[in-house]
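One structure below.
Per chain, numbering begins at 1; letters A, B, ... match sequence-line order.
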Amino acid sequence: MPEMPEVETVRRSLIAQVKGRKITHVEIRYPDLITGDVDQFVEFVTGATISDVGRRAKFLLIHLDNGYTIISHLRMEGKYRISADPSAIDKHSHAIFTLDNGQKMIYNDVRKFGRMQLWNTDELSENKSLKKLGPEPLSTEFTFQNLKPRIMRHHKDIKTVLLDQSVMSGLGNIYVDEVLWQVKLHPETPANHLSDEDIQKIIEASNQEMDKGIAAGGSSIRTYVDATGHKGNMQNNLKVYGKEGTPCPRCGTEIVKIKVGGRGTHFCPKCQVVK
DNA sequence: CCTATTCCCTGAAGGC
DNA sequence: TGCCTTCAGGGAATAG
């Protein structure tokens with residue numbers, strides 16, 4: 001499932017292949033993929049040149065030279081693939097962008113959870129989805145001063161709060177479990193029970209996990225690959241996610257899996273304590 | 001303002 | 001060519 005490091009890896013693999021390319025044709029096979037008017041999306045994207053590919057948290061930002069940006073969220077299974085091979089297109093290909101070099105930028109999404117929308121590049125900060133995002137790791141806004149009040153005003157469990165993209169953005173279910181293991185916090189600890197030191201540790205661990213994830217090219221837990229079809233390696237560095245029944249790398253206690261806020265949650269019942 | 005719940009989707013896996 | 005249930009889950013919408 002693409003979280004910030006995976007989306008960043010996609011961004012990098014995409015930019016290397018499509019920056020400067022003109023989109024000569026657009027085909028939307030699954031209209032619900034597009035938030036807003038599909039015909040307008042096709043009209044404005046066709047003929048535009050991809051000037052850059054950016055990212056905000058888990059949102060990809062495909063900037064066009066005509067003043068518009070495609071805001072693309074991969075959700076669970078969305079993936080881009082650049083290929084001139086017709087066999088790269090299948091029943092799960094929901095958007096096909098033909099490029100001026102004969103390649104196609106194909107958006108695939110088995111679960112159809114991903115969404116795209118077109119927005120004025122100059123007004124991205126006013127977009128409803130982007131506007132509500134909290135600070136993301138590795139950014140200058142990701143500071144103790146900014147994060148403490150955002151976290152502490154909640155009395156829900158810390159796992160749910162860290163997954164809330166309006167509190168802080170970029171982390172998903174995998175990396176949240178990893179961060180909480182790193183800082184030795186039980187995922188069901190009420191957020192407002194955290195100490196300043198806990199907050200500081202969460203910030204540092206989030207930065208570190210995102211750094212490691214990006215360096216590893218993301219985590220290929222299920223089907224994740226980047227826009228060149230390559231898997232990441234971060235799944236080999238995970239300590240708790242998907243490790244239920246195996247020994248905690250720190251204390252040897254068996255990792256357990258529970259549900260927190262409806263999400264599968266992995267943690268060490270001995271060294272991650274409730275506060 | 002806040003929290004909790006439902007919905008969107010399909011394929012893999014497991015039980016019988 | 002087995003059928004059915006459960007699970008994976010980010011974010012938007014809705015309910016209370």
Worksheet item: Does a distance-only test, which skips hydrogens and angles, find a donor-acceptor pair under 3.5 Å between the side chain of A:Arg263 and the base of C:dG10?
Response: yes
Worksheet item: Can you find a donor-acceptor pair, distance only, under 3.5 Å between A:Arg115 side chain and C:dA12 base?
Response: no
Discussion item. Applying a 4.0 Å non-hydrogen cut-off, can you work out what A:Gly264 is touching in the nucleic acid: base, sugar-phosphate, or nothing?
Written reply: sugar-phosphate
Practice prompt. Using a 4.0 Å heavy-atom cut-off across all strands, classify A:Asp109 as base, sugar-phosphate, or nothing.
Written response: nothing
What integer distance in Å separates [X]:[atom1] from [N]:[atom2]?
X	N	atom1	atom2	result
A:Asp157	B:dT3	CG	C1'	12 Å
A:Leu74	C:dG11	CG	C1'	13 Å
A:Met76	C:dC7	CE	P	15 Å
A:Leu163	C:dA12	CG	C1'	16 Å
A:Asp164	B:dT3	CG	C1'	11 Å
A:Tyr241	C:dC7	OH	P	14 Å
A:Leu60	C:dG11	CG	P	13 Å
A:Arg75	C:dG11	CZ	P	7 Å

Worksheet item: Salt bridge or not for A:Lys239 and A:Glu178, using N-O below 4.0 Å?
Response: no
Is the phosphate of [N], meaning OP1 or OP2, less than 4.0 Å from a side-chain N or O of [X]?
X	N	result
A:Lys91	B:dC9	no
A:His154	B:dT3	yes
A:His92	B:dG11	yes
A:Lys112	C:dG11	no
A:His73	C:dG11	yes
A:Gln165	C:dG10	no
A:Lys259	C:dT6	no
A:Lys156	B:dC2	no
A:Ser129	C:dA12	yes
A:Lys132	C:dG11	no

Under a plain distance cut-off of 3.5 Å, with no hydrogens placed, do [Y] and [X] share a side-chain donor-acceptor pair?
X	Y	result
A:Lys159	A:Asn173	yes
A:Tyr107	A:Asp109	yes
A:Ser93	A:Asn108	yes
A:His63	A:Thr69	yes

Practice prompt. Assess the pair A:Phe267 and A:His186: is the distance between their ring centroids shorter than 6.0 Å?
Written response: yes
